[in-house]
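What follows is a set of notes on a single structure, which appears directly below.
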Amino acid sequence: MNSPYLNRYRNGEYLQYMKDILQLVNLQDVDALALTNPTNELTTIVNRIDSLYQQVQGSSLTQEIIALDTRRDKAITGIRTLVSAYTNHFNEATISAAKALLTTINTYGTDIARKSYQEQTAILDSISKDFETEPELIQAISLLDIATWVAELKNANTEFSAKYIERVGETAASPENNIEELRTEATLIYRKLVLHIEAHTTLSENEAYPTLLNEIDVLAKQYNLVVDNRSKSSTPTTAEV
């Protein structure tokens, strides 16, 4: 049976997975299957996660973080596009400068904009420091006249980092509503529910139990595929909404 990558699902994915599980279970006669208690427990905790998730999604800080992340994505993508174009320039000095900058960027990967929030912040900070301290890169930036792009990259990333920390503080101020803590609790209840179903599948002749297990297996496989596909180009994190 496929085990869901619960600790690797983003908050929205995790929430929807649990909602889908509850929908599958509730399509059966829960009372007749003796699954009432674990189902009710999971429903309660999932509703709490849903409420907090909606609150976080609607937070002005969240929207600012999304906007700043888009801004820094555009900055690094723009710089890469510009220097890539300059590698085809007719002037050898320009080509050399462009290659130096592109090589530095590519050292950190070709999919920087798809990295998790925290990883991207660290990468862009390192790139900005390289641009500011490496003599060859400083000269290349001047030659290609892209100092404004470099400044935009640093500023966008700095502002993003500050805003992200602000949101962390906002979340920490309400530990009882922390999504990660609720996810941990929900995962324990979910596993208890699945164990109940597996036990009854062994002890009972009711075909509803193996049917339900098969449906959960298929659902987990589908959600895991999303994570596997994403992992080919980025590192997921549950901190992302």
Side-chain angles (χ1 to χ4, degrees), residues 8-13 53 56-171 225-241:
R8 296 174 62 189
Y9 294 165
R10 291 174 177 171
N11 287 333
E13 294 165 349
Y53 182 73
V56 170
Q57 286 294 92
S59 167
S60 60
L61 282 178
T62 298
Q63 299 310 312
E64 289 179 68
I65 286 172
I66 292 173
L68 287 169
D69 184 49
T70 299
R71 177 182 162 191
R72 65 181 186 172
D73 285 350
K74 289 182 177 180
I76 188 61
T77 300
I79 292 174
R80 185 195 296 277
T81 301
L82 278 173
V83 298
S84 293
Y86 275 125
T87 61
N88 295 304
H89 200 272
F90 54 84
N91 183 280
E92 287 299 326
T94 299
I95 294 174
S96 179
K99 286 183 176 180
L101 292 169
L102 189 60
T103 297
T104 296
I105 295 172
N106 288 341
T107 297
Y108 297 93
T110 58
D111 58 350
I112 297 172
R114 294 186 179 185
K115 298 292 185 182
S116 65
Y117 280 166
Q118 299 94 322
E119 187 174 5
Q120 186 177 349
T121 298
I123 288 174
L124 296 182
D125 182 58
S126 294
I127 290 176
S128 293
K129 288 179 179 177
D130 289 342
F131 285 172
E132 292 176 337
T133 59
E134 296 291 334
E136 181 185 14
L137 301 182
I138 294 173
Q139 184 177 358
I141 290 168
S142 176
L143 178 61
L144 299 184
D145 193 23
I146 59 170
T148 54
W149 276 97
V150 172
E152 168 63 9
L153 177 65
K154 180 179 180 179
N155 291 338
N157 195 48
T158 299
E159 290 181 34
F160 174 91
S161 180
K163 194 62 63 175
Y164 188 84
I165 293 300
E166 186 177 346
R167 193 183 75 170
V168 169
E170 182 184 72
T171 301
L225 183 60
V226 173
V227 176
D228 288 336
N229 289 337
R230 182 168 64 233
S231 296
K232 294 176 183 179
S233 59
S234 64
T235 304
T237 173
T238 56
E240 295 184 15
V241 297

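Any value given below was found using the heavy atoms of this structure, including those in side chains, with hydrogens, waters and symmetry copies removed. Starting from 1, each residue takes its place in the sequence as its number.
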message: Looking at Thr77, is its backbone amide N or carbonyl O close enough to the side chain of Thr81 to form a donor-acceptor pair, meaning the two atoms are under 3.5 Å apart?
response: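 It does hold such a pair.
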
Taking only residues two or more places apart in sequence, or in another chain, which ones meet [X] in a side chain to side chain contact (heavy atoms under 4.5 Å, CB included)?
X	value
Lys163	Leu61, Glu64, Ile65, Leu68, Glu166
Ala93	Asn91, Leu143
Leu137	Ala100, Leu101, Thr104, Asp130, Phe131, Glu134
Asp69	Arg72, Asp73, Tyr117, Gln120, Phe160

message: With heavy-atom distances below 4.5 Å as the criterion, would you say the side chains of Ile146 and Val83 are in contact?
response: yes

query: With a 4.5 Å heavy-atom cut-off, do Leu102 and Thr87 have their side chains touching?
result: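 The answer is yes; the side chains approach within 4.5 Å.
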
message: Test: salt bridge (Lys or Arg N to Asp or Glu O under 4.0 Å). Region: residues 75-99. Which pairs qualify, not counting sequence neighbours?
response: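 Passing the test, one end in residues 75-99: no pairs.
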
query: How far apart are the closest heavy atoms of Glu132 and Ile138, and which atoms are they?
result: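 The pair with the smallest heavy-atom distance is O-CD1, 3.2 Å.
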
Minimum-distance pair of heavy atoms, taken over all atoms of Glu13 and Arg8: OE1-O, 4.5 Å

message: Would you compute the distance between atom CD1 of Ile127 and atom CD1 of Ile76 and round it to the nearest 0.5 angstrom?
response: 4.0 Å

- line: Taken to the nearest 0.5 Å, the spacing of Ile123 CD1 from Tyr108 OH works out to 8.5 Å

task: Please list all pairs passing the side chain to side chain donor-acceptor pair (under 3.5 Å) test where one or both residues lie in residues 136-152, with sequence neighbours left out.
output: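 As it turns out, the side chain to side chain donor-acceptor pair (under 3.5 Å) pairs with a partner in residues 136-152, which skip direct neighbours, are Arg71-Glu152.
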
task: Step by step, work out the side chain to side chain contact (heavy atoms under 4.5 Å, CB included) result for Leu153 and Asn157.
output: CA-CA 6 Å; Leu153 177 65; Asn157 195 48; 5.5 Å; no

- prompt: Could you walk me through whether Leu82 and Leu144 pass the side chain to side chain contact (heavy atoms under 4.5 Å, CB included) check?
  reply: CA-CA 9 Å; Leu82 278 173; Leu144 299 184; over 6 Å; no

